[in-house]
Amino acid sequence: MTKANDDINLLQVFSTLRRSLLPILGATVLIGAGTYLVSRSQAPVYESRSSIISLFSNAGNQVVNNTLVTAPPLPQGALDEALRSSSVTKAIMQTVTAAQLGPKPTEQIQKGLQASLATGDSSLIKVNSRLDTQQRGVYEIVAQAGTPRAAQVLSGATVSALLGWDGARAQRGVTNARRNIEAQLKALDTRLATVPVGSPDNLSLTAARGLLLQNLSQVAVLEQTSSGTLSPGADPSDPVTPVAPRPARNAALAALLTLFAASGLTLLLSSLRGRVNSAADLMPLGLPLLGQVPLLGRRDLNGGMVRASRSGRLYESLGFLRINLSSVGGENTKILAITSSRPGAGKSSLAATLSASFAEEGRRVLLIDADLHRPTQHRIWNMASTQLVPLAGAQTDLSAAQATLPFALQHPDLACAVHDPAYPNFDLLPAGQANRQGQQLLNRPDLATLLHRWASGYDLVVVDTPPILALAETLKLAISTDGVVLVVESGETSLDELERVQQIAQQNGVKLLGTVINKVPRSEQSYYYGYNYAEPEQK
């Protein structure tokens, strides 16, 4: 059971996305194209890479090593912090200014460096570390600018500034030691000036002064040979092509994100709106399901809607619908209204094909196109050879008659329908041209009497009405009939709409026979069987 339910949900997801395919693809293409055009309009960005090597100084000779002063190893992230210091930023800017890159590139770099000092986040210079556990390895310096030369100069200036910062770090300790010895020497000279020459104190202070002078000379040498742990690596690269913007990549990413976002939003809205996709969705309302009608493609409608009802999947679904209607409505249901809660559900197509199906069964059927706002039956049937036939209670002389519903309502004695020999057992009372006067005629008080009089000459009268939630005249028509069939568009009609229709029907005494789920995608047609029910081969 769980597996089956999961499959049904997955099919519903695909069906929901397929119905909204055009808006989803439209938004995806629009956002992708817009991103591409915006990216194309942006200024190019070039990138130059250089490197710094982090090693401990060791010449392999004890004497030489004793004459070298090396700074301690750098901790993780030290160079990133150094780039945010004012001294390094100032050194970089001095080198960039001396390179005479031009006003615009120089100004861009200056603004980027100032922003780095203010916010601590630099978009111009980045440091990528590849170090071992002892902080030995390579620092990759990545610099970006608006021109190839500006990027190259910025990368080299960054390397020089960081090397200078590392050397100053090593020299700082030796310099402090030299200053301390100089201060001691100055204090000793002051004391020597106060003691007699040749006295024991004088001799002791003189010996101490000589030792300080010796230490001072050694520190002065060490100060000149002090070094940091960093040394230059690869020279700054010469960029050829810009790294940004990338219109094609940006457009592809934007389109992909839009596709996912639009699909997710479509599924979310569909779940929030509570759309009807299957018979299970109708169970909370208690509305009987009379049938499911498949979604037809162009190949199915190649010969027209009426012809499609005589074979294939539509023929079988209409057969089930006929049986269910006869069972639910009974023999007293002679006037049947076909309506929907919203436009576009396919009620007119269902009214036409259902009428054709009953006529094919041998029952005399009158189809009335009462949708005077958007009449469609005359286009669906497209009767080539027509003749006028009087409706029950009308005169036989119809020389001055017009076969339209407004005329029949205004002149009941001349009411007539059209008949085409190509469609036996079927007559059509079309709506004619849409006009306000014809719509007002539906409000006449004896409408039910007229419909039942016309129905006396037929086995069944099918009335194609406007959507019941859209117009009040539909309610008048529904009350005048023996029963109403509500057409539900799969994946589009919401449960809220059906609840409103159900409430209106109960309040006004409308007999709601049940619902028909229309435009059911092939993947969701659990109502139909896929067996190849053909005659067995003769042996």
Side-chain angles (χ1 to χ4, degrees), residues 287 290 293 305 321 325 328-329 333-356 358 365-381 391 404-409 415 417 427-452 454-455 458 460-489 493 497-498 500-518:
L287 292 174
L290 301 175
V293 179
M305 181 66 68
L321 179 56
L325 272 175
V328 173
T333 303
K334 293 194 63 176
I335 305 176
L336 192 64
I338 308 296
T339 189
S340 61
S341 62
R342 59 194 303 277
K347 59 165 184 63
S348 297
S349 300
L350 181 65
T353 54
L354 183 60
S355 299
F358 274 113
V365 179
L366 172 65
L367 174 58
I368 301 176
D369 190 354
D371 192 348
L372 301 180
H373 294 265
R374 296 180 181 178
T376 57
Q377 295 298 337
H378 63 287
R379 292 197 301 268
I380 294 177
W381 290 92
L391 298 179
T404 63
L405 177 59
F407 182 86
L409 293 173
D427 294 333
L428 173 64
L429 181 55
Q433 294 184 352
N435 59 76
R436 187 63 181 173
Q437 182 181 3
Q439 298 162 13
Q440 293 175 351
L441 292 172
L442 291 173
N443 294 320
R444 58 182 297 162
D446 61 342
L447 177 62
T449 303
L450 281 178
L451 290 177
H452 282 85
W454 296 340
Y458 294 91
L460 179 66
V461 174
V462 178
V463 184
D464 178 13
T465 73
I468 193 170
L469 295 181
L471 299 171
E473 62 199 50
T474 305
L475 185 57
K476 176 70 173 179
L477 284 167
I479 296 174
S480 303
T481 62
D482 298 328
V484 175
V485 174
L486 183 61
V487 180
V488 176
E489 184 178 4
T493 304
E497 295 173 3
L498 298 186
R500 290 171 57 193
V501 173
Q502 193 176 28
Q503 183 179 10
I504 291 174
Q506 292 175 352
Q507 291 175 349
N508 295 276
V510 175
K511 186 178 181 181
L512 192 59
L513 299 178
T515 60
V516 176
I517 302 180
N518 195 22

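As the structure is a computational prediction, the values presented were derived from the model and not from experiment. Numbers here are sequence positions counted from 1.
Between His452 and Asp482 the shortest side-chain heavy-atom distance falls below 4.5 Å. In this structure, the side chains of Val510 and Ile468 stay at 4.5 Å or more apart for every pair of heavy atoms. Between Val501 and Val484, the closest side-chain pair of non-hydrogen atoms is not below 4.5 Å. With a 4.5 Å cut-off on side-chain heavy atoms, Leu405 and Asp369 do not count as touching. Side-chain atoms of Val293 and Thr353, non-hydrogen and from C-beta on, never get closer than 4.5 Å to each other. With a 4.5 Å cut-off on side-chain heavy atoms, Ser348 and Arg374 do not count as touching.
Rounding to the nearest 0.5 angstrom, the gap separating the OG1 atom in Thr474 from the NZ atom in Lys476 is 13.0 Å. Note: Leu469 CG to Glu497 CD = 6.5 Å, rounded to the nearest 0.5 Å. Between the CG atom of Leu471 and the NE2 atom of His373 there is a distance of 4.0 Å, given to the nearest 0.5 Å. Atom-to-atom distance recorded for Ile368:CD1 and Asp464:CG is 10.5 Å, nearest 0.5 angstrom. Remark: Thr376 OG1 to Met305 CE distance equals 9.5 Å, nearest 0.5 Å. Interatomic distance, Leu475 CG to Asn508 CG, rounded to the nearest 0.5 Å: 4.5 Å.
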* Should Leu354 and Val516 be marked as a side-chain contact (heavy atoms from CB on, under 4.5 Å) after you check the CA-CA gap, both sets of side-chain angles, and the distance that decides it? -> CA-CA 11 Å; Leu354 183 60; Val516 176; over 6 Å; no
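Residues Leu429 and Ala417 share a closest heavy-atom pair of N-CB, 4.3 Å.
The side-chain contact (heavy atoms from CB on, under 4.5 Å) test with Pro466 is passed by exactly one of Leu442, Leu372, Asp371: Asp371.
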